[in-house]
2 protein chains.
Amino acid sequence: MSGKRVTIYDVARELGVSASYVSRALNGHPATSQKVREKVRKKATELNYKLNSHAANLRQGSSRTIGVVVPHINQTFFSEAIAGIEEVCFENNHSLIICQSHESFAIECKAIDTLIHQNVDCILISLSAETQSYTHLQNILAHHIELIQFDRCMDHVDSYKVFNDDKEASYSAAKMLFDQGYRRVAFLGGPQHLTVFKRRKEGYLMALRESGFSIPYDFIVDDILDKEQAATIAAALLSAPHPPDAFLTVSDHQSLGVLEVAQSRGVQVPEQLGIFGFANEAFTPIIKPSLSSIDQKSKDLGKATAGIYFENILKGQEPTLTKREVIIKTELICRQSSRRTIAS
Amino acid sequence: MSGKRVTIYDVARELGVSASYVSRALNGHPATSQKVREKVRKKATELNYKLNSHAANLRQGSSRTIGVVVPHINQTFFSEAIAGIEEVCFENNHSLIICQSHESFAIECKAIDTLIHQNVDCILISLSAETQSYTHLQNILAHHIELIQFDRCMDHVDSYKVFNDDKEASYSAAKMLFDQGYRRVAFLGGPQHLTVFKRRKEGYLMALRESGFSIPYDFIVDDILDKEQAATIAAALLSAPHPPDAFLTVSDHQSLGVLEVAQSRGVQVPEQLGIFGFANEAFTPIIKPSLSSIDQKSKDLGKATAGIYFENILKGQEPTLTKREVIIKTELICRQSSRRTIAS
DNA sequence: TTGTAGGCGTTATCAT
DNA sequence: ATGATAACGCCTACAA
């Protein structure tokens with residue numbers, strides 16, 4: 001009863017057929033009779049037979065498994081994106097291995113190695129903040145594993161890329177701030193070697209240029225990674241003789257840092273200071289004042305990313321996408337933190 | 001150069017040794033000379049050789065992989081626990097496959113099947129809210145896969161269990177509410193077939209009994225799963241002629257629902273209504289008033305859970321744990337939402 | 001429709 | 001210290 005694993009041979013013996021027939025029956029191969037197929041399936045569940053994926057993978061050279069590497073799974077954007085990826089993989093009967101890089105380049109490399117060992121068919125990756133080189137990505141390709149980047153992508157790597165209309169998004173967020181009467185809009189950005197953050201900055205700069213207003217050079221600060229850093233910068237800027245009257249940031253956590261500093265100093269938001277975040281984290285509608293943000297449609301983004309593998313790569317419908325770039329439209333969510341004209 | 005996968009045979013051929021020797025060298029087998037071992041390693045990286053885990057697993061019968069099944073990866077408790085699990089697995093050179101059940105019993109079963117296919121050595125699971133039967137858990141054991149339950153466990157299943165001191169935690173939360181002068185403390189609970197929620201309710205009942213106060217039977221409501229349901233119940237209770245003056249809940253999201261209802265009706269928190277949550281979600285210190293909650297030490301809990309596999313099961317140090325239960329102590333975090341005496 | 005045989009890449013056993 | 005060989009469980013030509 002217990003002891004060794006049940007194999008197709010066990011099922012075959014019980015039924016008096018060959019192992020290969022059992023294999024075919026279980027896989028619904030056309031060259032099997034309805035009747036026997038049913039019998040085999042029944043016996044298999046009866047014996048509690050379970051496929052050994054490792055054996056199947058070894059034989060077939062494909063694992064029907066997809067790997068995902070993200071900086072953190074507990075940020076709304078990533079967990080939602082993963083939910084989307086999961087859904088599509090599930091529909092296509094593929095498994096998913098999720099790895100976190102914890103924003104570390106070294107861990108990201110290790111994760112990729114693991115996924116290569118696991119023989120995944122495809123790796124979906126959103127790069128860590130530290131990542132500046134791309135040899136590890138080329139290593140993926142060298143192992144004939146498909147590669148798709150999303151959100152935090154690296155240019156100059158030959159792969160599909162899925163991301164938001166980041167430039168447009170931060171352009172309209174900045175524009176909205178100007179429209180609300182804010183004039184001295186500061187910008188807290190991310191690492192510039194990641195294209196997402198470059199694009200978000202470009203959007204801001206575009207709106208700034210268009211507005212005709214000018215701001216001091218130190219109102220633009222890159223490489224802010226968390227709430228604490230954002231708070232430090234905000235505190236410094238707000239202490240200056242001519243402080244900003246609004247902050248546009250590339251993450252809600254940064255915005256939260258700004259908000260906390262403002263509140264601790266009695267600066268009224270949104271009356272004296274406008275704040276605009278990015279990512280539409282779960283906490284944004286809950287806090288007071290509620291935080292304006294950008295909804296990245298992260299679940300759709302995840303679905304699109306996984307979809308590329310199944311639709312464009314597996315089914316070989318490459319021609320439909322010439323530039324190998326998919327852009328997911330964001331949605332501007334205007335809440336209290338940037339709504340100055342609300343009272344007027 | 002490209003085309004086929006690099007195997008130990010390729011490395012062996014280049015070096016003029018046998019494949020089995022390469023295998024041994026790569027694994028640091030004692031019956032290999034230092035010198036050749038180095039040579040093999042160098043050549044292997046040079047040729048970009050990567051182990052095929054599937055082949056190794058098939059041969060060894062073990063995958064050095066652990067599976068985790070949780071309801072959702074984007075709840076603080078679970079993502080932190082996973083971070084802990086990940087850390088321990090990493091230290092022990094094991095891979096991790098993460099699956100979400102999305103609180104669905106059917107998906108949970110499917111996830112377990114997948115993990116069995118993947119030949120994982122051990123499954124760490126926190127059950128979905130729907131799960132009432134445990135045949136799928138016994139199926140895991142039938143496949144000679146180790147099983148460890150955490151947080152949301154099912155009794156009567158023969159496995160290690162890791163969970164918080166839930167009863168003590170909600171006991172002290174309730175006691176704190178009484179100490180602050182609240183008298184009519186309502187309780188919003190979870191599905192009673194999951195032991196966690198049973199224990200949390202017991203703690204509340206214990207404190208209530210001890211307090212000597214009595215409350216109407218309808219102040220105790222089980223099976224609340226989300227913010228919306230909590231809000232509905234809170235609205236109903238607060239409309240009654242003799243409403244509760246405090247709510248103790250089994251999740252921060254429930255508490256948030258209560259808080260929003262209170263605020264929309266102009267009920268002052270904490271002056272007129274005390275609120276106490278559970279889980280110490282990221283948003284609890286951010287909202288106004290900040291929400292009192294229970295820190296579950298979820299990362300430690302994850303580490304302990306994975307630790308059991310490596311310490312107690314793999315190394316066979318079972319005797320150290322007689323009851324096969326590990327309890328992780330929580331910490332009471334008292335914030336504004338339950339601090340009525342602050343003004344007095 | 002059914003069976004036979006061989007091999008996927010690795011490692012354990014046995015031999016040298 | 002090193003090599004030959006078989007086996008892990010499955011799938012797929014090929015044969016019948």
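Residue numbers begin at 1 in each chain, while the letters A, B, ... track the order of the sequences. FYI, side chains are in, hydrogens and waters are out, and symmetry mates aren't considered; it's all heavy atoms of this structure.
If you take CG of A:Asp10 and P of D:dC8, they are 11 Å apart, rounded to a whole angstrom. Look at NE2 on B:His54: it is 12 Å from P on C:dG9, rounded to the nearest Å. In this structure, the OH atom of A:Tyr21 is 15 Å from the C1' atom of D:dA16, given to the nearest Å. Summarising the geometry, the separation between CZ on B:Arg64 and P on C:dT11 is reported as 11 Å, rounded to the nearest angstrom. Rounding to whole angstrom units, CG of residue A:Leu15 and P of C:dT2 are separated by 11 Å. Between A:His29 atom NE2 and D:dC14 atom C1' there is a gap of 13 Å when expressed in whole angstrom units. Per the geometry, CG belonging to B:Asn119 stands 14 Å off P belonging to D:dC8, to the nearest Å. If you measure from atom CG of B:Leu26 to atom P of C:dA12, you get 13 Å, rounded to the nearest angstrom.
For the ring pair (Phe, Tyr, Trp, His ring centres under 6.0 Å) condition, the pairs that include at least one residue of residues 113-139 of chain B, sequence neighbours left out, are B:Phe105-B:His136.
The residue A:Ala56 sits close only to the backbone: its heavy atoms come under 4.0 Å of sugar-phosphate atoms, none of a base. Residue A:Asn57 is classed as having no contact, given no heavy-atom separation below 4.0 Å to the nucleic acid.
Side-chain contact, B:Ser20 with B:Ser23: no donor N or O sits under 3.5 Å from an acceptor N or O. Side-chain contact check for A:Asn119 and B:Arg5: at least one donor-acceptor pair (N or O, by modelled atom type) lies under 3.5 Å.
A salt bridge between A:Arg13 and A:Asp10 is present, with a side-chain N of the basic residue lying under 4.0 Å from a carboxylate O of the acidic one. The pair A:Glu87-A:Lys299 counts as a salt bridge, with a side-chain nitrogen and a carboxylate oxygen less than 4.0 angstrom apart. Of the charged side-chain nitrogens involved, none lies within less than 4.0 Å of a carboxylate oxygen, so that A:Arg64 and A:Asp121 do not count as a salt-bridged pair.
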B:Thr131 and B:Ser128: CA distance, side-chain angles, deciding distance, side chain to side chain donor-acceptor pair (under 3.5 Å) verdict
CA-CA 5 Å; B:Thr131 304; B:Ser128 91; 2.8 Å; yes

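Residues of residues 33-48 of chain B having a heavy atom closer than 4.0 Å to DNA chain C: none are found.
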I'd like a table of atom pairs between the protein and nucleotides 5-8 of chain C - only N or O on both sides, under 3.5 Å - with the distance next to each one.
residue, atom, partner, partner atom, Å
C:dG6, N2, A:Arg59, NH1, 2.5
C:dG7, N2, A:Arg59, NH1, 3.3
C:dC8, O2, A:Arg59, N, 3.3

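Picking from D:dG9, C:dT2, C:dT13 the nucleotide with the shortest atom distance to the side chain of A:Ala31 gives C:dT2. For B:Tyr49, the side-chain atoms get nearest to C:dT10 when compared with the rest of D:dC10, D:dA1, C:dT10.
For B:Ser126 against B:Arg152, the heavy-atom pair with the smallest separation is OG-N, 3.4 Å. A:Pro71 and A:Leu127 make their closest contact through CG-O, 3.6 Å (heavy atoms, listed as atom of the first residue, atom of the second, distance).
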